[in-house]
Amino acid sequence: MAETINETNSQGSAQEISQQRQIRREKLVKLQEEGCDPFQITRYQVDNDSANIKENFDTLEGQKVSLAGRLMSKRGMGRVSFCDLQDKSGRIQLYARKDEMEEEEYNRFKRYDIGDIVGVKGEVFRTQRGEMSVRVQKVTLLSKSLLPLPEKFHGLTNTELRYRQRYVDLIVNPEVKRNFMIRSQFIQHVRSFMNARGFMEVETPVLNTISGGATARPFITHHNTLDIDMYMRIATELPLKRLIVGGMDRVYEIGRIFRNEGMDPKHNPEFTTIELYQAYADFNDMMDLFEDLLSSAAQKILGTYQVEWQGEKIDLTPGWPRMPMHEAVKKYCGIDFMSITTDEEAVAAAKSIGVELPETADKTWGNALYECFDQKVEEKLIQPTFITMHPVDVSPLAKRSPKDPRLTERFELFICHSEMGNAFSELNDPIDQRQRFQKQVELRDKGDEEAGMMDEDFLTARSMACLRQAAWASALTAVS
């Protein structure tokens with residue numbers, strides 16, 4: 001019965017939208033017949049916006065302004081009409097009186113629909129209720145919206161529709177535009193931050209003859225002229241390391257990468273990362289840099305270290321904890337991996353808390369430690385936390401720890417259950433590197449499509465006395 005009701009409601013909604021479309025088409029035809037075709041207008045002079053009017057109201061009150069935007073609501077529509085105009089900076093109320101405009105123009109204005117884009121010339125004033133507004137003297141239809149806004153303009157909540165039609169999401173959910181603006185400001189901050197510390201921005205190839213630099217399934221495309229298959233990059237890592245070998249001590253790239261993995265709130269088939277390399281440094285230097293970058297961005301862009309993200313209150317005040325992975329597993333799972341000496345015992349310990357290793361993963365101490373963290377601990381990390389000393393088994397490009405060869409000088413930063421960045425002291429032993437590449441090849445032969453490939457040219461570069469270096473990569477794309 002419920003399905004029948006929902007189906008009926010859906011059909012009724014579709015019919016209503018279809019009727020609205022027809023009405024809007026008819027209004028467009030009438031406007032065109034009157035010589036007021038909005039689609040022929042290509043330019044409109046704008047000298048102000050809603051935010052500036054409100055911020056400088058005392059100065060602008062009584063002054064004439066020209067602004068443009070989308071009509072988001074209409075009220076009254078007798079001799080006096082009220083509308084909300086949404087432009088690039090926010091919303092402001094329009095106040096239109098029939099006796100203050102040409103009658104023909106006012107009557108046309110009454111026929112305009114929510115969603116239409118208009119240009120407005122008028123005077124800044126405050127209504128009797130105290131609302132800052134623009135008293136309309138002339139209004140020009142700049143573009144006719146032939147489709148109604150979704151859900152009767154109460155906001156767009158359907159997640160699939162939001163991400164497939166981001167333009168609609170931006171129209172009806174103003175807070176989304178703020179996310180885009182913050183992301184843009186953050187990218188600018190990253191560049192200024194890195195450049196000020198002597199790093200040079202570079203660009204490296206997107207298409208490669210092998211898939212390397214990370215563990216992920218690649219997208220495959222075909223180069224027609226060379227008649228070979230090529231891989232869209234899954235990381236910017238290996239080309240940047242070649243630059244370090246060549247003597248560029250500090251480099252970074254903000255670049256698009258592509259991973260042919262499942263889609264969920266934490267995975268995207270394409271996203272932007274920053275990846276950087278610094279000679280004569282180690283992973284401790286990278287932790288200092290990462291913490292400084294994020295905390296300074298919060299202060300500069302938001303004006304505070306206290307932020308809200310994914311429903312959690314996050315404190316970005318510098319001084320974030322740094323915890324080895326085995327200590328995190330011991331704290332949250334009660335398993336002391338440092339006291340376990342064999343692979344069999346480690347796998348059994350993981351299984352005792354419900355952790356199973358992937359079929360393609362070797363049943364080793366390191367893989368067991370990593371899976372315990374990945375499946376049981378990561379979800380518990382809310383505040384900024386550096387998880388350090390990852391197993392060699394899952395860190396094919398990181399330098400081994402001098403204190404324990406099973407571990408590497410690597411960290412990942414977690415905030416609110418999410419990995420924010422990955423860094424390590426670079427492996428610069430070409431013999432050890434070849435052995436680890438070979439291990440990745442063996443995993444690929446077993447069916448692990450995310451395992452890396454042998455890169456002979458990179459090994460050649462490594463053999464030419466690579467500088468000791470530290471690397472860091474972090475995803476920058478997310479906008480919700």
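Quick note: numbers below take in every heavy atom, side chains included, and nothing from hydrogens, waters or symmetry partners.
A salt bridge links Arg322 and Asp288; the closest N-O separation between the charged side-chain nitrogens and carboxylate oxygens is under 4.0 Å. By the 4.0 Å N-to-carboxylate-O rule, Glu201 lies close enough to Arg191 to be salt-bridged with it. With respect to the salt-bridge test (charged N to carboxylate O, under 4.0 angstrom), the residues Arg233 and Glu253 qualify.
No side-chain donor-acceptor contact under 3.5 Å links Ser395 to the backbone of Val392. Of the possible donor and acceptor atoms, none in the side chain of Asp374 sits under 3.5 Å from a partner among the backbone N and O of Tyr370. A distance-only check finds no donor-acceptor pair linking the side chain of Gln86 to the backbone of Gly115 [under 3.5 Å]. Looking only at distances, a side-chain donor or acceptor of Glu291 sits under 3.5 Å from a matching main-chain atom of Trp320. Remark: side-chain polar atoms of Lys363 are paired, donor with acceptor, to backbone N or O of Ala361 under 3.5 angstrom. Checked by atom type and distance alone, the side chain of Ser295 never pairs as donor or acceptor with a backbone atom of Leu316 at under 3.5 Å. Tyr252 places no side-chain N or O within donor-acceptor distance of the main-chain N or O of Asn195, the cut-off being under 3.5 Å. The backbone N or O of Val65 sits nowhere less than 3.5 Å from a side-chain atom of Asp47 that would complete a donor-acceptor pair. With Glu371 contributing its side chain and Glu356 its backbone, the two residues share no donor-acceptor pair below 3.5 Å. Formation of a donor-acceptor pair under 3.5 Å by the Asp336 side chain with backbone atoms of Lys330 is not found in this model.
Taking the ring centre of Phe193 as origin, the terminal cationic atom of Arg197 falls inside the region bounded by 6.0 Å and 45° from the ring axis.
Counting heavy atoms from C-beta on, the side chains of Gln306 and Asp315 come closer than 4.5 Å. Within the 4.5 Å cutoff, side-chain heavy atoms of Leu67 are placed close to those of Ile92. Using a 4.5 Å heavy-atom threshold, the side chains of Leu60 and Asn48 count as touching. Leu369 is not listed as a side-chain neighbour of His390, based on a closest heavy-atom distance of 4.5 Å or more. Between Gln278 and Val251 there is no side-chain heavy-atom pair separated by less than 4.5 Å. Using a 4.5 Å heavy-atom cutoff, the side chains of Glu312 and Ile415 are not in contact. When side chains are defined from C-beta on, Leu293 counts as touching His189, because their heavy atoms get closer than 4.5 Å. Put simply, the side chain of Leu276 does not reach to within 4.5 Å of the side chain of Arg250, judged on heavy atoms.
Under 3.5 Å, the side chains of Asn367 and Thr364 contain a donor-acceptor pair of N or O atoms. Side-chain N/O atoms of Thr272 and Arg256 include a donor and acceptor closer than 3.5 Å. Side-chain polar atoms of Asp227 and His222 form a donor-acceptor pair below 3.5 angstrom.
Between Asp282 and Ser425 the shortest heavy-atom distance is CB-OG, 3.2 Å. Taking every heavy atom of both residues into account, Ala346 and Ile340 meet most closely at N-CG2, 3.6 Å. Across every non-hydrogen atom of Asp49 and Ser89, the tightest pair is OD1-OG, 3.1 Å. Residues Cys416 and Gln310 approach most closely at SG-CB, 3.8 Å, considering heavy atoms. For the pair Ile387 and Ala328, the tightest heavy-atom approach, listed with the atom from each and the gap, is CD1-CB, 4.0 Å. For Arg410 against Val394, the heavy-atom pair with the smallest separation is NH1-O, 2.8 Å.
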Would you check, one step at a time, whether the test side-chain contact (heavy atoms from CB on, under 4.5 Å) holds for Thr304 with Gln299? CA-CA 5 Å; Thr304 178; Gln299 273 290 356; 5.5 Å; no
Test side-chain contact (heavy atoms from CB on, under 4.5 Å) on Leu149 and Val168 and set out the steps. CA-CA 8 Å; Leu149 295 180; Val168 181; 5.6 Å; no
Tyr277 vs Lys241, test: side-chain contact (heavy atoms from CB on, under 4.5 Å). Steps then yes/no. CA-CA 7 Å; Tyr277 291 83; Lys241 290 178 179 179; 3.6 Å; yes
Show, in sequence, the C-alpha distance, side-chain angles and deciding distance for His417 and Ile382, and conclude whether the side-chain contact (heavy atoms from CB on, under 4.5 Å) test is met. CA-CA 6 Å; His417 328 291; Ile382 305 296; 2.9 Å; yes
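In this structure, Phe271 CZ and Ile257 CD1 are separated by 3.5 Å, a value rounded to the nearest 0.5 Å. Rounding to the nearest 0.5 angstrom, the gap separating the CD1 atom in Ile314 from the OH atom in Tyr305 is 16.0 Å. Atom CG of Leu207 is separated from atom CD1 of Ile220 by 12.5 Å, given to the nearest 0.5 angstrom. To the nearest 0.5 angstrom, Leu94 atom CG is 7.0 Å from Leu71 atom CG. Atom-to-atom distance recorded for Ser133:OG and Lys54:NZ is 8.5 Å, nearest 0.5 angstrom. Considering CD1 of Ile244 and OH of Tyr280, their distance stands at 9.0 Å, rounded to 0.5 Å.
Taking the six-membered ring where the residue is Trp, the centroids of Phe373 and Phe414 are separated by under 6.0 Å.
Residue Lys380 qualifies as enclosed at atom NZ: its count of foreign heavy atoms under 6.0 Å is above 12.
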